[in-house]
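Here's the structure, in structure tokens; my notes come after.
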Amino acid sequence: MFVPPSVTPRAFEQLAAIGAGAEGKALRVAVEGGGCSGFQYEIKLDAPTEDDLILEGNGEKVVIDEVSQPFLAGAKIDFTEELIGARFTIENPNASSSCGCGTSFSM
């Protein structure tokens, strides 16, 4: 059974702060082959498509394509601000390991 990812209120607030929804854009979270651990996340602003899973909150959207959905089942999408910078993050229970930068993982 597919457990959809969750998106924190902080992530939706950041999308609202940058005006993503006002521009007709959503935060696209995808999984691609590559990176130092085998898979890597691609996170960008993009227009939703018909086959996307759409997660909504605070008037904003996070979208995940069909191919990436199984890789992100049960994941938590968040936004963090640290000394090294601010970024969207993914806490993925399906990843068996990840690299130090947090953008690539293995299963």
Side-chain angles (χ1 to χ4, degrees):
M1 184 168 121
F2 176 71
V3 176
S6 63
V7 182
T8 66
R10 186 172 40 215
F12 282 127
E13 288 167 7
Q14 181 61 25
L15 286 171
I18 61 177
E23 296 179 13
K25 302 283 185 174
L27 183 72
R28 178 169 299 282
V29 179
V31 174
E32 299 181 337
C36 54
S37 297
F39 295 99
Q40 63 187 2
Y41 299 113
E42 180 182 10
I43 301 173
K44 65 181 180 179
L45 292 179
D46 195 15
T49 65
E50 186 177 304
D51 295 329
D52 287 335
L53 170 66
I54 299 175
L55 307 167
E56 296 185 71
N58 200 27
E60 300 295 328
K61 296 178 182 175
V62 173
V63 296
I64 301 169
D65 65 82
E66 260 187 315
V67 173
S68 299
Q69 290 174 25
F71 295 101
L72 295 168
K76 181 172 82 171
I77 300 164
D78 196 6
F79 182 80
T80 61
E81 293 183 76
E82 301 170 348
L83 290 175
I84 59 171
R87 64 189 175 116
F88 289 97
T89 61
I90 300 167
E91 188 178 306
N92 191 341
N94 304 302
S96 59
S97 66
S98 63
C99 68
C101 66
T103 60
S104 71
F105 65 99
S106 63
M107 294 182 86

With the 4.5 Å side-chain cut-off for hydrophobic clustering, are Val3 and Leu53 part of the same group? no
Look only at the side chain of Ser6 and the backbone of Lys76, and say whether a donor-acceptor pair between them is shorter than 3.5 Å. no
Report yes or no: does Asn58 contribute a side-chain atom to a donor-acceptor pair with the main-chain N or O of Glu60 at less than 3.5 Å? no
Note, Arg28 side chain near Asp65 side chain (heavy atom, < 4.5 Å): yes
Below 4.5 Å, heavy atoms only, C-beta onward: do Phe88 and Val29 meet side chain to side chain? no
Atom CD of residue position Glu91 - does it have more than 12 heavy atoms of other residues, nucleotides or ligands inside 6.0 Å? no
Shared-cluster residues of Ile54, by chain and number - hydrophobic side chains joined below 4.5 Å: Val63
First locate atom CD of Glu13, then atom CD1 of Ile18, and finally report the distance between them rounded to the nearest 0.5 Å. 13.0 Å
Rounded to the nearest 0.5 Å, the CD atom of Glu32 sits from the CD atom of Gln40 at a distance of 6.0 Å
Going by heavy atoms in the side chains, are Glu42 and Lys44 under 4.5 Å from each other? yes
Please examine the side chains of Val67 and Val31, heavy atoms only from C-beta on, and report whether any two atoms are closer than 4.5 Å. no
Gap between atom CG of Asp51 and atom CD of Glu66 - 0.5 Å precision: 4.5 Å
Indicate yes or no for a side-chain donor-acceptor contact from Asn92 to the backbone of Phe71 under 3.5 Å, with no hydrogens or angles considered. yes
Not counting sequence neighbours, which residues clear side chain to side chain donor-acceptor pair (under 3.5 Å) with Thr49? List them please. Asp52
Between Arg87 (side chain only) and Glu81 (backbone N and O only), is there a donor and an acceptor less than 3.5 Å apart? no
Identify the heavy atoms of Ala86 and Phe79 that sit nearest to each other, and give their distance. CB-CZ, 3.5 Å
Side-chain heavy atoms of Ile90 within contact of Pro5, under 4.5 Å: no
So, do Leu45 and Leu15 sit near enough that their side-chain heavy atoms are less than 4.5 Å apart? yes
Check side chain to side chain donor-acceptor pair (under 3.5 Å) between Asp78 and all other residues, then give those that pass, not counting sequence neighbours. Thr8, Arg10
Nearest heavy-atom pair of Ala75 and Pro93: which atoms, and what distance? CA-CD, 3.6 Å
Heavy-atom pair with the smallest gap, counting every atom of Pro48 and Gly24: CD-O, 3.9 Å
Would you say that Tyr41 contacts Leu72 through its side chain, given a criterion of any heavy-atom pair below 4.5 Å between the two side chains? yes
Using the rule given for side-chain contact (heavy atoms from CB on, under 4.5 Å), can you reason through Ile43 versus Leu27, listing the C-alpha separation, both sets of side-chain angles and the distance that settles it, and then say yes or no? CA-CA 7 Å; Ile43 301 173; Leu27 183 72; 3.5 Å; yes
